[in-house]
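Here the structure is a predicted model, which means the values were calculated and not measured.
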Amino acid sequence: TIARWVKPGAAHTLAAANTATSAAADRAGQASSPAASEAADALPLSIPGIDMAAGRAVTMGNARLHRRLLTLYSDRQADAVGAIRRARVQGDLAQARRIAHDLGSASGSLGMHAVAANARAIEAAFNGSADDDTIESLLAQLGAQLDPVVAQLRAAGLGNATAPPA
């Protein structure tokens with residue numbers, strides 16, 4: 001969930017770090033400007049597969065936070081389908097269900113509605129004891145939705161571009 005990425009007091013810590021960074025830059029004769037900071041935090045207005053307005057709403061317009069959450073999503077959720085499959089092979093259905101739940105929550109919060117809906121369908125399939133063929137079909141659909149979103153995030157400079165998605 002988004003709560004595991006954004007800790008209470010994180011805004012205060014981030015503000016203190018920004019103040020320290022700005023002070024260090026000023027001492028070095030490299031005054032930081034708000035415009036330079038905003039340019040570094042700028043996000044594309046649209047990314048295929050992502051409702052950027054929904055993500056901006058969740059972060060209350062904080063571009064730096066939105067960028068950080070999208071980057072974390074790209075890095076942490078890229079292998080979600082593989083992780084669900086590995087948990088299933090190991091017989092850990094609770095873990096597989098949790099991964100699907102977490103992916104659905106994070107995706108929904110950040111405006112990846114199709115990915116979120118499919119992750120929730122997988123979670124429901126685990127809760128309803130769906131057969132292996134049904135779950136595998138849902139996982140294939142999820143991978144077909146998630147991989148392009150992660151690729152788009154990485155192409156936008158959000159996340160580890162060298163790591164392959166799922």
Side-chain angles (χ1 to χ4, degrees), residues 1-26 30-84 96-125 138-166:
T1 66
I2 203 164
R4 74 176 177 185
W5 294 343
V6 181
K7 303 296 183 215
H12 174 71
T13 304
L14 183 58
N18 288 340
T19 301
T21 302
S22 294
D26 288 342
Q30 304 168 348
S32 62
S33 71
S37 178
E38 287 176 22
D41 294 335
L43 288 168
L45 292 177
S46 68
I47 296 177
I50 303 174
D51 178 352
M52 295 295 284
R56 280 191 297 276
V58 166
T59 60
M60 296 182 286
N62 183 330
R64 178 171 285 152
L65 177 59
H66 193 191
R67 173 177 278 285
R68 173 123 174 90
L69 292 175
L70 289 171
T71 298
L72 286 170
Y73 180 94
S74 173
D75 289 343
R76 294 182 180 172
Q77 300 297 336
D79 188 42
V81 174
I84 292 169
R97 186 180 306 110
R98 185 192 62 77
I99 295 166
H101 175 83
D102 290 351
L103 177 63
S105 296
S107 300
S109 295
L110 292 172
M112 298 156 210
H113 306 300
V115 174
N118 200 297
R120 288 186 200 109
I122 291 170
E123 181 182 10
L138 289 169
L139 285 170
Q141 291 173 24
L142 178 61
Q145 294 166 342
L146 178 62
D147 292 348
V149 167
V150 169
Q152 290 290 334
L153 288 169
R154 290 178 177 174
L158 302 165
N160 182 356
T162 60

Test item: [X] and [Y] side chains (from C-beta on) under 4.5 Å apart, heavy atoms:
X	Y	result
Leu153	Ile50	yes
Val150	Gln77	no
Asn160	Thr71	no

### Task
Ignoring hydrogens and angles, tell me if any N or O in the side chain of Ser107 forms a donor-acceptor pair with the backbone of Gly104 under 3.5 Å.
no
Quick one: [atom1] on [X] to [atom2] on [Y], what's the gap to the nearest 0.5 Å?
X	Y	atom1	atom2	value
Arg76	Leu69	CZ	CG	10.0 Å
Ile47	Leu110	CD1	CG	10.5 Å
Ser74	Arg154	OG	CZ	4.0 Å
Arg98	Ile84	CZ	CD1	10.0 Å
Asp79	Leu103	CG	CG	11.0 Å

### Message
Quick one, Met52 with Leu70, criterion side chain to side chain contact (heavy atoms under 4.5 Å, CB included). Give me CA distance, side-chain angles, the key distance, then yes/no.
### Response
CA-CA 10 Å; Met52 295 295 284; Leu70 289 171; 4.1 Å; yes
What are the two closest heavy atoms between [X] and [Y], and how far apart are they?
X	Y	value
Gly159	Asp75	CA-OD1, 3.2 Å
Val149	Pro48	CG2-O, 4.4 Å
Ala78	Asp147	O-OD1, 4.4 Å

Distance-only criterion, 3.5 Å: show the donor-acceptor pairs between side-chain atoms of residues 112-124 and protein atoms not counting sequence neighbours.
| from | atom 1 | to | atom 2 | distance (Å) |
| --- | --- | --- | --- | --- |
| His113 | NE2 | Asp51 | OD2 | 3.2 |
| Asn118 | ND2 | Gln141 | OE1 | 3.3 |
| Glu123 | OE1 | His101 | ND1 | 3.3 |
| Glu123 | OE2 | His101 | ND1 | 3.1 |

